[in-house]
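In what follows, chains carry the letters A, B, and so on, assigned in the order in which the sequence lines appear, proteins first and then strands, with residues in each chain numbered from 1.
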Amino acid sequence: MRRIIDNDFITLIFRVVVGAIFIYASYYKIIEPAVFAKGIWFYHMVPGNLINLLAVFLPWIELVCGVALIIGWQYRGTVILVNLMMIMFMIALGSAVYRGISIDCGCFQAAQASDSSAMNSLLWDVGIITMSIQLCLSKSKKWMLDK
Amino acid sequence: MVGKQIFIILFISILLGSITNFVSPNKIPFIGEYRELSSGDGPVIPPSASEGDPPFIAIDVAEMEFSLKNTVFIDARDYEEFICATIPGSINIPFEYLPEENVAEFVDSSLSYMSKETPIIIFCSGEECDLSLHMARNMQDFGYTNLSIFFGGSREWENFELEMERGEGCVE
């Protein structure tokens, strides 16, 4: 098991996949912060005066983490941040599912009232966090800027 | 070590986010002014609403959109009512006084020929007034694609003690 977790190729692939997802997810949010703020508002989980701060800074944290993950820079800190963000996203989505709020994810586009279930997005998040947990546990240091 | 790395990532992100939000044409206020409003059973929907109408929104959604300053509000009432009390920043397009010809052109010019995808919320005075619904249906026909109707209107807005704009020349 340890050998699989520490495998250089698996770690590289997961770094690139998770990093690319974070970069892609940040794109629309950076372009349209007002739409993303609206998406956060729909969850009714964040105090009103913090919504815009989150809408402005969170996409950049996603983008910088995505790039840092792929190139292997500030790696340990990045992996911890990625895992913390994934936990935060899953709590938000799980809460929406629990409260029966009809809302789409808002992961890659604006969250809004929607008939589609947040459950599908939650399942995707389980897949992503599985990869990011592997990155957290892996001791592989190959193909990284960090030595 | 890890703490320092997290600090570096967060510092760079916050720096880039701040710079971008200062220079971006789509910038938003750093501190939102959203209020917790409850509209009870959700948006007011008139009996005359039909399938295909733009979505009806409740007071909390209208106030959220207002706070984001990303949406155009259209007051469909007469000018005399509009000037006395309206949602701040609203554009008055009195539905009952639309010209009989070139209506689409009139509406487009009233909105300064803004993009047809611009988010727009249409309202009038309240539940007894269906000007907003008719205006929305017309604008749909003119190609506007991002319309919502706030059927609670200016009265519900005022009942929640939200800011109102009152012009000079109001005759009660």
Side-chain angles (χ1 to χ4, degrees), chain A residues 22 26 28-69 71-85 101-102 110-115 136 145-146, chain B residues 1-39 42-43 45 54-72 115 117-121 146 148 162:
Chain A
F22 268 71
S26 71
Y28 99 85
K29 300 169 188 166
I30 290 172
I31 302 294
E32 295 282 0
V35 179
F36 181 45
K38 200 188 305 183
I40 298 171
W41 182 89
F42 271 111
Y43 279 93
H44 294 292
M45 289 182 72
V46 179
N49 49 7
L50 295 183
I51 288 176
N52 286 13
L53 284 174
L54 205 58
V56 170
F57 297 128
L58 184 61
W60 280 99
I61 298 173
E62 286 181 320
L63 178 63
V64 174
C65 280
V67 173
L69 206 58
I71 63 177
W73 179 68
Q74 308 293 340
Y75 184 71
R76 281 286 139 212
T78 301
V79 167
I80 287 173
L81 275 175
V82 165
N83 275 281
L84 287 176
M85 280 190 280
I101 297 177
S102 292
Q112 54 191 333
S114 165
D115 291 334
C136 207
L145 282 186
D146 286 352
Chain B
M1 175 70 173
V2 171
K4 187 181 168 192
Q5 291 182 340
I6 290 175
F7 176 80
I8 290 171
I9 295 285
L10 292 179
F11 179 78
I12 292 172
S13 305
I14 289 170
L15 185 67
L16 291 172
S18 301
I19 293 170
T20 310
N21 196 50
F22 270 119
V23 300
S24 169
N26 295 330
K27 64 184 168 191
I28 58 175
F30 281 99
I31 304 296
E33 295 172 0
Y34 308 92
R35 289 176 52 170
E36 286 295 324
L37 302 176
S38 171
S39 55
I45 300 177
F56 291 86
I57 58 169
I59 179 75
D60 56 344
V61 177
E63 199 275 335
M64 178 268 291
E65 299 280 9
F66 178 79
S67 302
L68 277 171
K69 305 180 196 312
N70 191 42
T71 300
V72 174
S115 161
E117 286 85 39
T118 304
I120 294 173
I121 292 175
N146 203 349
S148 305
L162 296 171

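- The CG atom of A:Leu53 sits 9.5 Å away from the CG atom of B:Asn21 when rounded to the nearest 0.5 Å.
- For the pair A:Val64 and B:Phe11, the minimum side-chain heavy-atom distance is 4.5 Å or more.
- Closest approach of B:Leu16 and A:Trp60 over heavy atoms only: CB-CE3, 3.5 Å.
- Taking CD1 of B:Ile9 as the start and OH of A:Tyr75 as the end, the distance is 12.5 Å to the nearest 0.5 Å.
- Using a 4.5 Å cut-off between heavy atoms, B:Thr71 does not touch chain A at all.
- Put simply, of B:Leu10, B:Asn70, B:Leu68, B:Val2, the one with the most heavy-atom pairs under 4.5 Å next to chain A is B:Leu68.
- Separation of atoms CG (A:Asp146) and CD (B:Gln5) is listed at 5.5 Å; rounding is to 0.5 Å.
- A pairwise comparison of heavy atoms in A:Val56 and B:Gly17 identifies CG1-O, 3.6 Å as the closest pair.
- For B:Asn26, the parts lying near chain A are the backbone and the side chain together; criterion is any non-hydrogen pair under 4.5 Å.
- B:Asp60 and A:Trp41 make their closest contact through O-CZ2, 3.4 Å (heavy atoms, listed as atom of the first residue, atom of the second, distance).
- Atoms CG and OG, from A:Leu58 and B:Ser13 in turn, are 9.5 Å apart once rounded to the nearest 0.5 Å.
- Only the side chain of B:Ile8 comes within contact range of chain A, with heavy atoms under 4.5 Å apart.
- Only the side chain of A:Ala68 has a heavy atom closer than 4.5 Å to any heavy atom of chain B.
- Taking CG from A:Leu84 and CD1 from B:Ile6, the interatomic distance works out to 7.0 Å, rounded to the nearest 0.5 Å.
- Both the backbone and the side chain of A:Ile61 come within contact range of chain B, with heavy atoms under 4.5 Å apart.
- Rounded to the nearest 0.5 Å, atoms NZ (A:Lys38) and CD (B:Glu65) are 3.5 Å apart.
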